[in-house]
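Below you'll find the structure, written out as structure tokens, and then a few comments.
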Amino acid sequence: MSATAETSTRHDWSLAEVRALFEQPFNDLLFQAQSVHRQHFDPNRVQVSTLLSIKTGACPEDCKYCPQSGHYNTGLDKEKLMEVQKVLEAAAEAKAIGSTRFCMGAAWKHPSAKDMPYVLEMVKGVKKLGLETCMTLGRLDQEQTQALAEAGLDYYNHNLDTSPEFYGNIITTRTYGERLQTLAYVREAGMKICSGGILGMGESVDDRAGLLIQLANLPEHPESVPINMLVKVKGTPLAEEMDVDPFDFIRTLAVARIMMPKSHVRLSAGREQMNEQMQALAFMAGANSIFYGEKLLTTANPQADKDMALFKRLGIKPEEREEHADEVHQAAIEQALVEQRDSRLFYNAASA
Ligand code: SF4
């Protein structure tokens with residue numbers, strides 16, 4: 001099958017077609033994904049986002065992978081909603097180290113009427129700093145979605161997590177239909193969608209295909225598709241799950257790239273467990289977005305300078321946000337690179 005034939009944006013993927021993509025020899029699949037990628041993106045640019053947990057722990061949902069669920073004892077401290085000023089300070093730091101998007105996550109079933117005004121202030125403040133804004137706050141109703149859009153929220157993250165068939169094994173407190181409804185409200189309000197899933201929860205290849213079919217067959221593809229590798233946290237029901245074969249993980253990224261050719265495919269949670277070779281393969285497969293520089297909600301994320309050192313070795317540059325590609329931002333990136341060159345870390349990264 002030629003790469004050109006695969007690049008049109010489609011919304012009618014069947015399971016048989018997606019299975020066939022997964023079953024290709026690894027090299028053929030990667031070649032096809034990279035060919036599709038090059039038709040829509042600069043292959044040597046990767047978008048960087050920073051993710052901040054604005055309210056941690058005690059979530060009423062029972063997502064079996066999540067250390068923030070109040071259903072499991074993971075030793076995580078329960079926190080209140082962060083102060084607006086603290087969030088803005090973190091956003092300014094994220095901008096200084098080269099992030100173009102600031103994602104704010106709260107462990108809620110849905111935002112309460114009491115919390116909404118603070119959340120809206122955060123969106124407005126982060127936006128003023130010249131960053132793209134993204135939030136993940138759980139289920140939204142139509143009114144809340146509209147208010148977030150009016151405050152200037154660019155992206156809303158709401159993951160589908162897995163296939164509809166496997167979903168009930170992972171979450172029982174929120175339905176798949178509710179997730180799709182929130183995504184529909186986000187679109188109606190004119191915001192961009194960030195939605196993806198998690199690998200390594202005991203799902204089959206057909207479940208991975210099923211997740212990607214749900215995402216790709218939405219009326220519009222999500223602009224951002226995070227593909228997470230399960231981070232196994234003690235105390236959660238999935239703490240003892242089997243590791244995903246790294247090549248199967250890369251295959252899923254490649255299939256996502258082919259099915260959603262214009263979306264940013266994000267190498268997301270679990271990157272800490274991936275060595276540099278695997279991350280390089282992920283970029284080859286079409287991943288072109290990472291979280292960077294801060295803690296990824298509650299699990300460790302590789303250090304920002306280590307990321308920059310890897311980018312440098314691979315000849316990758318952070319994607320600029322065109323309308324905000326100012327000199328200050330560029331200077332911050334250059335400065336980070338100089339500091340790495342001067343530090344042992346840069347040289348040690350090769351063997352880390
Ligand atoms: S994944 Fe989100 S909704 Fe699910 S338990 Fe964790 S914080 Fe709550």
Side-chain angles (χ1 to χ4, degrees), residues 49-82 87 103-112 115-116 118-119 122 134-141 144-145 148 153 155-164 166-183 185-186 193-203 207 211 214-215 222 224-239 241 266 268-272 291 294-301:
S49 302
T50 296
L51 177 57
L52 177 73
S53 178
I54 58 170
K55 188 266 166 189
T56 304
C59 181
E61 303 288 350
D62 69 350
C63 312
K64 287 202 173 114
Y65 51 82
C66 183
Q68 304 209 63
S69 168
H71 295 254
Y72 318 122
N73 185 4
T74 57
L76 199 68
D77 287 337
K78 171 185 167 183
E79 291 170 10
K80 287 198 185 132
L81 181 63
M82 219 180 201
V87 172
C103 308
M104 294 158 269
W108 286 326
K109 188 177 191 71
H110 51 75
S112 69
D115 288 320
M116 272 307 279
Y118 299 104
V119 163
M122 289 173 194
C134 175
M135 280 195 157
T136 181
L137 312 171
R139 195 187 69 215
L140 296 179
D141 64 28
Q144 290 170 328
T145 319
L148 287 165
L153 188 66
Y155 286 81
Y156 194 73
N157 163 267
H158 202 53
N159 290 332
L160 293 180
D161 286 350
T162 189
S163 68
F166 191 66
Y167 183 84
N169 298 321
I170 304 298
I171 299 133
T172 65
T173 50
R174 172 185 289 158
T175 67
Y176 212 82
E178 284 174 322
R179 289 185 186 250
L180 292 169
Q181 180 62 71
T182 294
L183 294 182
Y185 288 151
V186 171
I193 287 179
C194 172
S195 187
I198 306 174
L199 270 55
M201 303 190 293
E203 76 287 346
D207 290 317
L211 164 71
Q214 286 291 323
L215 294 167
S224 181
V225 181
I227 303 291
N228 299 281
M229 170 95 89
L230 176 70
V231 178
K232 291 180 258 189
V233 180
K234 210 169 154 215
T236 61
L238 298 184
E241 271 306 320
R266 176 172 304 132
S268 209
R271 201 159 60 85
E272 175 87 341
F291 279 118
E294 267 289 326
K295 283 218 158 183
L296 189 57
L297 290 177
T298 60
T299 55
N301 192 31

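This chain uses plain numbering: 1 for the first residue, then up along the sequence. Counting convention: from 1, in listed order, for ligands and their atoms alike.
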Side-chain donor/acceptor pairs under 3.5 Å, residues 103-110, sequence neighbours excluded:
{"from": "K109", "atom 1": "NZ", "to": "E61", "atom 2": "OE2", "distance (Å)": "3.0"}
{"from": "K109", "atom 1": "NZ", "to": "T173", "atom 2": "O", "distance (Å)": "3.0"}

Strictly under 2.8 Å of atom 6 (Fe) of ligand 1: which protein N/O/S atoms qualify?
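Near atom 6 (Fe) of ligand 1, the protein supplies C66 SG.
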Those residues that, when tested against E178, pass salt bridge (charged side-chain N to carboxylate O under 4.0 Å, His left out) (two or more places apart)
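Once residues adjacent in sequence are excluded, the partners of E178 under the salt bridge (charged side-chain N to carboxylate O under 4.0 Å, His left out) criterion are R139.
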To the nearest 0.5 Å, how far apart are CG in N157 and OG1 in T182?
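So the CG of N157 and the OG1 of T182 are separated by 11.5 Å.
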Only counting residues at least two apart or in another chain, list the ones meeting side chain to side chain contact (heavy atoms under 4.5 Å, CB included) with T172.
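With sequence neighbours excluded, T172 shows a side chain to side chain contact (heavy atoms under 4.5 Å, CB included) to D62, given in chain and number order.
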Trace of the side-chain hydrogen bond (donor to acceptor under 3.5 Å, both in side chains) decision for S268 with N228:
CA-CA 5 Å; S268 209; N228 299 281; 3.1 Å; yes
Would you verify that at least one protein heavy atom lies under 4.0 Å from atom 7 (S) of ligand 1, or report that none does?
yes
Should the pair R266 and F291 be classed as cation-pi, given the thresholds of under 6.0 Å to the six-membered ring centre and 45° from the axis?
yes
